[in-house]
Amino acid sequence: MTEQQLRALLADMSLAEKFGELQQMPGQYYTDDCIETGINAAFDFTEEEVACIGSALNVLDPARIIEIQKQHIARHPHGIPMLFMLDIIHGYSTIYPIPLAQACSFEPDLVRALARATARESCAAGQHVTFSPMADLSRDARWGRVMEGSGEDPYLNAKMAAAAVQGYQGDDLTAEGTISACVKHFAAYGAVEGGREYGYVDMSERMLRQYYLPAYKAACDAGSGMLMTAFNAIAGVPASGSRELNAILRDEWGYEGAVISDYGSISQMYSHGVIQNPLESTKRAMDGGVDIEMCIHHYRRGLPQLLESGEITTEQLDRAVWRVLNLKNRLGLFEDPYHFASPEKAAKLQNCEDFLQLARESVPRCSVLLKNDGKLLPLSPDADETVAFIGPFLNESDLLGGWVNQKVGRITAATLQETLQARFPARDFTYTAGCALLGAEDAMMAEKKHAAFETDADRRCAMLEEAVAAAKAADKVVLFLGEHPQCGGELAARADIRLPKIQRDLFRAVAAVNDTVVTVVFDHRPVELGDIAETSKALLNVWFPGTMGAAGITDMLFGDAAPTGRTTMSFPHTVGQEPIYYNRLPTDHAPEFSPIYITGYVDCPLDPLYCFGEGLTYTDFAYGEVRLDKATLHAGETLTATVTVQNVGERDGEETVQLYIRDPFASVSQPVKELKGFKRVFIPKGENAEVTFPLTPDDLRFYNEDVDFVWEPGEIQVFIGHDSRVSQYKTFRLEE
């Protein structure tokens with residue numbers, strides 16, 4: 001439709017139709033036989049209300065979506081199609097590494113490609129909107145939803161959020177193979193106290209704007225069709241009813257997309273203690289700029305009353321409806337209400353060879369090699385040595401991780417043992433699980449996540465003894481350990497982020513009889529590794545790698561591919577350090593300045609075990625000195641920083657070169673380092689690469705004491721190196 005036609009449609013709609021556009025229906029209430037029956041049984045909707053519903057959540061079958069859409073268009077007074085939405089977080093049917101792992105690639109092009117492949121599967125399956133990407137800055141590994149984001153750095157977070165939006169949406173949302181992104185959770189949900197789900201957030205406006213808002217803005221600037229509000233309150237104001245956040249979004253950023261609440265976040269303003277009844281929450285949400293209520297139906301009940309009483313205006317209502325209609329128009333639903341949905345195409349695309357190959361190739365790019373003493377990895381595919389493969393993930397087919405739609409048709413992923421046996425049928429390998437994923441001491445966590453755990457003490461002892469015997473007889477051991485696959489995502493906050501005790505016991509027993517141990521760790525978050533990190537000769541963090549995880553891991557273990565990921569969240573020595581992040585502000589007793597009475601702990605280092613940007617590969621790189629082409633940078637100019645990187649190892653490889661800056665003295669305290677650029681560079685063995693980065697005054701802006709976004713004259717330090725611990729730098733002066 002043209003804008004003129006869409007405006008005419010809005011003007012001709014009844015109030016019932018307008019209210020309906022702002023209301024979402026849970027998909028489980030649609031039946032094959034009759035839409036009204038399922039809905040009325042639960043919500044007592046009238047036929048008129050059912051006919052005007054604007055969107056549905058969690059309908060999975062494309063044939064069913066097509067049928068629901070046909071019935072809906074036939075019954076709607078103006079034939080306006082519905083939107084179908086779903087949480088599609090790291091793949092629809094083909095599952096890719098979790099988003100936190102994807103960010104570890106430091107490769108926006110990869111994130112874009114994975115989102116693009118996801119969109120192609122999802123579009124054919126009838127979906128119009130995915131609740132992704134999550135742009136929440138995440139600095140506390142206790143929070144289960146860190147797996148959905150890009151970690152602790154605002155610059156990287158913004159790059160990855162924008163790339164995901166571009167991948168889902170392409171250049172034209174009316175094109176086949178596209179879906180609308182919905183950036184979430186606005187705002188600062190990643191800063192909940194103690195990492196507790198649905199918790200409270202309190203921070204200064206400077207902190208919010210400097211660190212937490214940039215990624216949402218980047219996703220909005222990339223054209224995200226939708227934005228989701230957060231469950232949390234900020235400074236006592238629920239995000240779903242915040243006029244301040246709405247003013248930032250609409251007035252400052254000029255965002256014109258639709259805004260949807262999180263599931264029940266409008267009704268749950270009651271829990272925050274700021275509203276007393278559904279009518280108040282409805283008004284608060286409308287004033288806060290929420291266009292669509294996800295599923296709880298306060299809008300259906302409250303909007304007519306509020307409009308009649310004058311507490312909301314016709315202009316407010318029409319603005320919200322316009323945004324929803326505009327998204328439907330961007331998707332081309334008025335011309336093709338099914339947006340290329342096809343059971344036949346869906347079946348052809350799901351788990352197709354191209355997507356499976358992409359999934360496999362992404363695993364090494366997202367995995368982080370944290371330790372590799374004596375170049376133990378890669379293992380030789382031909383050596384005459386015995387290797388024992390041990391651990392509860394050896395025969396685990398669920399390497400997918402949290403936020404996976406279990407009812408979507410997909411292939412059963414191969415296990416590591418199946419993959420290894422198929423790849424090396426003649427090798428002298430032994431295989432044993434050694435233990436279950438969870439033990440009896442994990443009963444609380446297991447019950448909350450509906451997970452099985454080991455209760456038979458005799459079987460536990462027998463499995464451990466078998467593993468010890470296998471380790472004792474082997475030249476090398478590869479241990480596969482990690483979090484339970486259901487311990488990431490929503491409602492997966494953890495106070496203890498160590499691996500389960502049953503697995504730690506297995507590690508200690510194996511390491512006691514064999515000192516050549518490679519440990520492969522599966523996790524949704526940076527876990528507390530303790531003696532696993534200290535004792536393992538090699539340590540490979542693969543996060544949850546997805547459908548082709550076993551193949552991708554085997555490729556890395558035997559050198560067919562090299563791990564090239566870098567950490568995007570710091571790994572703590574102990575959970576007591578959380579939240580921990582590299583770009584902290586200095587204090588009045590910062591270790592950078594003071595030799596005594598410094599900030600820190602008496603029983604633990606101040607710095608993390610593994611820092612932001614850290615990671616090894618199967619070759620080594622040496623850095624030359626940083627070179628700047630200017631000693632002074634003025635307004636309107638660009639400075640170029642250059643470094644020579646040499647591959648000094650024994651094989652070709654990729655290095656992620658990182659540029660950090662520091663403004664050591666400013667009107668408000670600045671971080672000890674801030675990422676301002678990164679490049680992945682392929683360098684053949686023995687060769688050099690010149691890596692350059694541009695810097696302008698705009699790259700050096702920050703929010704000052706008056707919360708103005710400025711850059712200030714003064715000295716700037718430029719660091720280029722392997723990770724955030726880089727110490728060599730050159731300085732220039734920033735001048736007007």
Can you pull out every salt bridge (charged side-chain N to carboxylate O under 4.0 Å, His left out) where at least one residue sits in [range]? Sequence neighbours excluded, please.
range: residues 117-133; answer: none
range: residues 217-232; answer: Lys217-Asp221
range: residues 83-108; answer: Asp87-Lys184, Glu107-Arg365, Glu107-Arg680
range: residues 161-179; answer: Glu176-Lys345

Considering only distance and modelled atom types, tabulate donor-acceptor pairs under 3.5 Å from the side chains of residues 396-403, sequence neighbours left out.
from, atom 1, to, atom 2, distance (Å)
Glu396, OE2, Asp398, N, 3.0
Asp398, OD1, Leu400, N, 3.1
Trp403, NE1, Glu148, OE2, 2.6

Q) Is the Tyr198 ring parallel, tilted or perpendicular to the Tyr189 ring (thresholds 30°, 60°)? A) parallel
Donor-acceptor contact below 3.5 Å, side chain [X] vs main chain [Y]:
X: Ser224; Y: Cys220; value: no
X: Asp336; Y: Phe340; value: yes
X: Ser261; Y: Met294; value: yes
X: Gln169; Y: Gly225; value: yes
X: His72; Y: Ile53; value: yes
X: Gln268; Y: Asn232; value: no
X: Gln69; Y: Pro337; value: yes
X: Tyr216; Y: Ala188; value: yes
X: Asn157; Y: Ala135; value: yes

Q.
Applying salt bridge (charged side-chain N to carboxylate O under 4.0 Å, His left out), can you list everything that pairs with Arg410, at least two apart in sequence or on another chain?
A. none
Q: List for me each residue that meets salt bridge (charged side-chain N to carboxylate O under 4.0 Å, His left out) alongside Asp291, sequence neighbours excluded, and say none if there are none.
A: Arg250, Arg323
Q: Quick one: list whatever passes side-chain hydrogen bond (donor to acceptor under 3.5 Å, both in side chains) with Ser242, sequence neighbours left out.
A: none
Q) Which residues satisfy the side-chain hydrogen bond (donor to acceptor under 3.5 Å, both in side chains) test with Gln23, sequence neighbours excluded? A) none
Checking [Y] against [X]: is there a side-chain donor and acceptor pair closer than 3.5 Å?
X: Ser55; Y: Gln24; value: yes
X: Thr130; Y: Tyr168; value: no
X: Asn277; Y: Tyr270; value: no
X: Arg145; Y: His524; value: no

Q) Which pairs count as side-chain hydrogen bond (donor to acceptor under 3.5 Å, both in side chains) when at least one residue sits in residues 5-21, sequence neighbours excluded? A) Thr2-Gln5, Asp12-His78, Ser14-Glu17, Glu17-His78, Lys18-Asp318, Glu21-Lys328
Q: Assess the pair Tyr96 and His90: is the distance between their ring centroids shorter than 6.0 Å?
A: no
Q: Rounded to the nearest 0.5 Å, what's the gap from CG on Leu10 to CD on Glu3? Could you check?
A: 11.0 Å
Q. Do NZ/NE/NH1/NH2 and the carboxylate oxygens of Arg284 and Asp287 come within less than 4.0 Å?
A. no
**Q.** Residues Arg300 and Glu293 bridged, charged N to O under 4.0 Å
**A.** no
Q: Could you list the residues that satisfy ring pair (Phe, Tyr, Trp, His ring centres under 6.0 Å) with Tyr338, not counting sequence neighbours?
A: none
Q) Who pairs with Gln357 by side-chain contact (heavy atoms from CB on, under 4.5 Å), at least two apart in sequence or on another chain? A) Arg360, Glu361
Q.
Here's a test for you: under side chain to side chain donor-acceptor pair (under 3.5 Å), which of Thr118, Thr547, Asn405, Asn351 qualifies with Ser93?
A. Asn351
